[in-house]
Every structure is written in C-alpha cells, then in structure tokens.
*Asks:* 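Mind having a look at this structure? Questions to follow.
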Protein chains: 2
Amino acid sequence: MGYRPSRFARGMVGPGLTTLGLVIADVLNPFFPEVVSGVLSAADERGWQVAIYSTGSALERESAVAATVVDHVDACVAFLLDPADIELIQRSGMPFVLLDNEHRPPAVSGGRIDFATGMRQAVGHLVERGHRRIAMLDDRGRPDAGDRGTRHSLFLRAATECGLPADGGWVFPAANSLDGGAAAMDDVLDTGFGATAVLAYNDLIAIGAMRRARDRGVSVPEDCAFVGCDGLTLSRLVDPPLTTLLVDKELLGRAAVQQVAALMTGAQARETVIVPRLVVRASS
Amino acid sequence: MGYRPSRFARGMVGPGLTTLGLVIADVLNPFFPEVVSGVLSAADERGWQVAIYSTGSALERESAVAATVVDHVDACVAFLLDPADIELIQRSGMPFVLLDNEHRPPAVSGGRIDFATGMRQAVGHLVERGHRRIAMLDDRGRPDAGDRGTRHSLFLRAATECGLPADGGWVFPAANSLDGGAAAMDDVLDTGFGATAVLAYNDLIAIGAMRRARDRGVSVPEDCAFVGCDGLTLSRLVDPPLTTLLVDKELLGRAAVQQVAALMTGAQARETVIVPRLVVRASS
DNA sequence: TTGAAAGCGCTAACAC
DNA sequence: GTGTTAGCGCTTTCAA
C-alpha cells in the first residue's frame with residue numbers, strides 16, 4: 001500500500017547503518033573520482049553508506065558543508081582547507097580522517113601524499129634534462145599558499161637543493177582547472193619569465209597549460225617541458241603524454257576508510273603516507 | 001564529553017533529512033562524475049544528502065545495491081540494467097528516476113538520452129564524409145544488446161536509412177573501458193572487416209580504440225575515422241580530438257533530481273529527454 | 001499463532 | 001528559568 005518503514009525509527013532500535021561522509025572539492029576534477037572509488041569500495045566492504053559532499057574549494061561553501069556533515073553522518077573523510085572547519089568536525093567527536101592537508105593538527109588522523117619526495121624527483125628529473133629555469137603553476141585557491149609543506153614551498157626547496165636560484169617569482173598562481181592552467185601559461189609566456197619547463201600543482205593545470213603553450217606555438221617538450229603532479233588517467237591520454245607524479249589515489253581513499261574503522265575501535269589518530277612515483281612521458 | 005546525539009532519534013522527532021540514493025555504474029568512467037555533479041548541486045539546493053552507490057555494471061552487484069538502497073534512502077536516481085532491480089525499487093514506493101534505460105516501465109520516471117537523433121547525426125556525418133563501412137563498438141556488458149532503442153540497434157537503423165548494408169556483423173562487442181575499446185579495435189582490424197570508420201558506444205571505448213588503431217599504424221582520420229557517443233571533457237583533450245555526440249550529463253543529473261522532487265509532491269511519472277549534439281573534431 | 005507493551009534517544013511542550 | 005513528560009515509529013519480547 002505504498003507504506004515505507006521510517007529509516008529513523010528503524011535505526012533507532014536496530015544497530016542502524018553507518019553513514020560515512022566524504023567531502024571532496026569537486027567531482028569534475030578527475031583526481032577526486034579516483035579517491036571516491038577507493039572510499040566506495042572500502043566502505044562497501046564494511047557495509048557502510050557513503051554520502052558525498054562537494055565544497056568547490058570555496059571557503060564559505062566548505063563551512064556550510066562542514067556544519068551539515070557534523071550532524072548528518074557518523075564518520076567523515078574529508079579534503080578541507082579551513083582550519084576552522086577541520087576543528088569543527090574534529091570537535092564533533094566523530095571519527096575523522098583529513099586528506100592531503102599540510103596543516104593537520106596532530107590529534108586528527110590523516111592521509112598525506114609525500115610531495116616532498118615527489119617534488120625532489122620531479123625537479124631532479126627536469127634539472128637532469130638540463131632545465132635551469134622552471135615555472136611552477138600553483139593552485140591559487142589555497143589559502144595557505146607558500147606555507148611549509150605545500151607543493152609551492154616544496155618546489156622552491158627542491159629547486160634550491162638542485163642549485164637553482166628559485167624564489168617566489170618562479171611561482172605563478174592558477175585556478176584549479178584546465179582553463180586556469182591555460183591562463184597561467186599565458187602569464188608565464190607574457191611576463192617573459194623564460195621558462196624551459198613548467199611544473200604544475202596538478203595534472204589538470206599542467207594539461208591546460210601545455211595545451212595553451214602548444215596553441216601559442218611553443219613546441220613540447222623541445223621549447224618547454226611539462227610535469228604534472230597527481231597522475232590522472234587522463235595524463236596518459238593527452239598529447240603529448242604528460243610526465244607526472246603518479247599518486248595512488250584509490251589507495252588514499254581506501255586507507256582513509258581503514259583509518260576511520262580503526263578510530264571507531266578506539267585507535268589513536270594516525271597518518272597514512274602515500275609516496276608518489278615519477279612517471280616520465282613525452283612531455284618532458 | 002564526546003557525546004553525539006543520535007541521528008536516528010533526532011530524525012524521528014524533527015522532519016529528518018532527505019537522503020537521495022544515486023546509483024551509478026562506475027565512478028571511474030568520466031561519464032558519471034558529470035552526472036553526479038548535476039545531482040549533487042540540485043540536491044544541495046534542496047537541502048538533501050546524496051548517498052552514492054556503484055554497481056560496476058555487474059548484475060549481481062546491482063541487485064545487492066538495489067536491495068540496500070531500498071531501505072536506506074528516501075528517494076533514488078539510478079542507472080540500472082536488470083528489470084528485476086528496477087521493479088524492486090519501484091515497488092518500494094520511494095520516488096524513483098531511472099536514467100538512460102531503454103526498457104523503462106511507463107510507471108517509472110526517467111531521464112533518457114535521445115540517441116535515435118544522435119545516431120542519425122553521427123552516422124549521417126560519417127556517410128557524408130564518404131564512409132561506407134562503419135564498425136560499431138558496442139558495450140558488451142549490457143544484457144539487452146541489440147534490443148530496440150539501444151545504441152546498437154539505433155546504429156543499425158541509422159546506417160540502413162543512409163543506404164548502407166549494415167547488419168549484426170558490423171557490431172563488435174567491447175568491455176566498457178579504454179582497454180575494452182582497444183581490444184575491440186584489435187578485433188575490427190584482425191577480422192579484416194575493413195572499416196573506414198568506427199563509431200563507439202561511448203567516448204571511453206572510442207578513445208581506447210583510436211589509440212590502439214594508431215599504435216598499430218592506422219592513421220586517424222585518414223585510414224579510419226572515430227566517433228564517440230557521450231561527449232566527455234576528455235574527448236577534447238586526446239589526440240586527435242574526438243568527434244562525439246555531446247550530451248549534457250550535468251543536466252541529466254539535475255533534471256533527475258527535479259523529477260524526484262516532483263514525484264514527492266505527488267506528480268505523475270514523467271520522462272526527461274536530453275538531445276545530444278554532434279561535435280565534429282579532428283578524429284573524423 | 002496472534003496480540004499487547006516496553007523501550008530505543010531524542011525534542012518540544014508543558015508544568016513547576 | 002529549570003525540570004518533567006509525552007510521543008515520534010519501529011522491533012523485540014513476553015503474555016495471552
């Protein structure tokens with residue numbers, strides 16, 4: 001007769017379903033679907049439901065999401081920028097794993113990508129190929145630009161370690177998208193920076209930049225080499241195939257769920273580290 | 001003191017949060033993130049939570065998901081293949097919108113992509129370019145291969161309408177992935193079918209096939225042209241850029257949520273139709 | 001076998 | 001302002 005038992009009344013008496021909140025920046029950035037895939041399968045193995053929230057990397061949107069998440073899920077895996085949001089969720093007391101954030105408080109579990117190692121590989125590779133002037137296309141959406149541990153600062157450190165006179169002038173801000181990468185490439189070319197190589201915050205920005213460079217008559221990799229930073233499936237398919245730091249994003253998601261499960265059994269906050277691997281392709 | 005109010009007890013007394021279940025085949029197929037994006041934003045506008053489920057297009061997995069969904073969400077938007085699963089959800093009485101399924105019972109709301117029109121455009125385009133022998137790479141995972149209304153049968157009809165002697169022999173099954181497209185392209189080449197053009201079930205298969213063709217020395221589009229079928233962002237980025245039927249997948253998702261909302265107010269089952277648009281690029 | 005009742009954890013209303 | 005209680009809709013237990 002169209003009658004449906006109430007989920008709530010039911011959950012009240014039985015053990016009730018665990019809902020894991022997964023907060024990502026943008027499902028259209030191919031980085032996230034891979035993480036989502038890992039989270040979905042690991043959650044499914046435990047019989048958990050996954051609720052997805054997207055912040056668009058917009059700070060006020062992120063706060064709204066954090067506030068919602070706090071009273072609608074039982075545990076949380078999140079990409080979050082604002083320390084206030086991180087604290088809000090942590091203080092809610094639910095199991096919480098923060099991903100890819102360099103400012104993680106020690107009391108919060110985390111999943112980190114070891115870009116320190118990654119950047120050394122990437123910059124080292126470019127220097128080996130003879131590049132002495134490398135532009136870094138940073139994500140301008142991050143409020144912590146240049147802080148210790150960010151790709152921005154790790155790039156500068158790696159470059160310095162290789163003996164390059166790198167400074168803030170080598171870093172160009174880019175919106176986190178193909179178009180953002182393209183616009184930033186315009187900046188690199190128009191300001192006469194004279195880059196023979198471009199290293200981007202992620203593959204999306206790198207691909208956008210590489211295409212724009214080609215459109216403007218720069219030949220890749222002869223005139224300018226390109227290196228990305230997350231190893232999207234996509235990076236293998238573009239022309240030329242992109243050199244990138246391959247990150248096991250699915251594992252990042254799986255490990256986060258695993259950590260949530262550990263927190264539920266009363267384990268201490270821990271950190272999982274994913275080490276990227278440099279994959280050299282035709283773009284460099 | 002680490003105390004957390006129970007979601008269930010809370011939902012029991014207050015109005016409680018609406019959770020929309022979104023069932024997709026595979027978050028790693030870039031088709032779905034675009035749909036998810038539309039669903040997320042439309043759901044968010046209504047203050048709904050979205051729980052994601054992935055079937056992997058595996059029939060037994062799909063049944064498990066359908067069974068779960070039925071008692072853990074309040075409404076459902078789904079890509080589903082098995083009629084039994086469709087009926088299960090429909091009979092649960094929750095608002096339900098079925099996407100991209102040619103066998104939708106009339107009592108179920110739906111979101112359909114008008115591939116009849118799309119196929120005519122795509123095949124017409126190839127015929128105009130002088131192609132007389134076109135291989136169709138179908139998704140072999142669909143249990144309804146060749147049924148009325150599928151891309152398979154719409155392809156054959158469109159080809160026939162253009163005066164080509166098309167029959168089942170023109171259709172090659174492919175797994176729904178880049179590798180699947182590559183393997184199917186091997187079939188097309190190895191069986192000596194003699195295609196001068198390949199039209200695929202979707203862009204993923206088309207891109208996989210196109211790359212394999214190139215790797216085997218076929219030049220694109222001179223020796224063989226390629227056309228995809230869903231207009232992924234990716235299709236613009238590959239080399240050569242892929243001719244495809246551009247489908248507004250975000251709109252498909254948004255419209256589905258809108259229909260769910262309508263069903264909640266007691267509206268009749270309806271169908272939304274998305275009309276694809278042929279985008280001609282260098283692959284043909 | 002069938003039916004009544006207790007109680008899950010919260011909120012809101014009401015009485016003190 | 002502070003404290004008490006009814007009741008949300010189920011499931012499970014226990015009684016008839």
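Reminder, nothing fancy here: chain letters follow the sequence lines and each chain counts from 1.
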*Asks:* Between Phe32(B) and Phe79(B), does the ring centre distance come in under 6.0 Å?
*Replies:* yes
*Asks:* Okay, side chain of Gln259(A), backbone of Ser109(A): is any donor-acceptor separation there less than 3.5 Å?
*Replies:* no
*Asks:* Indicate yes or no for a side-chain donor-acceptor contact from Asp230(B) to the backbone of Asp203(B) under 3.5 Å, with no hydrogens or angles considered.
*Replies:*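 At least one qualifying donor-acceptor pair exists.
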*Asks:* Along nucleotides 7-13 of chain C, 5' to 3', which nucleotides get a B, which get an S, and which get a -, given that the test is a protein heavy-atom distance under 4.0 Å?
*Replies:* -BBSS--
*Asks:* Hey, is the main chain of Leu246(B) close enough, under 3.5 Å, to the side chain of Thr244(B) for a donor-acceptor pair?
*Replies:* no
*Asks:* Would you say Ser54(B) and Asp26(B) are linked by a side-chain donor-acceptor pair, where the criterion is simply a distance under 3.5 Å?
*Replies:*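 The criterion, which ignores hydrogens and geometry beyond distance, is not satisfied for Ser54(B) and Asp26(B).
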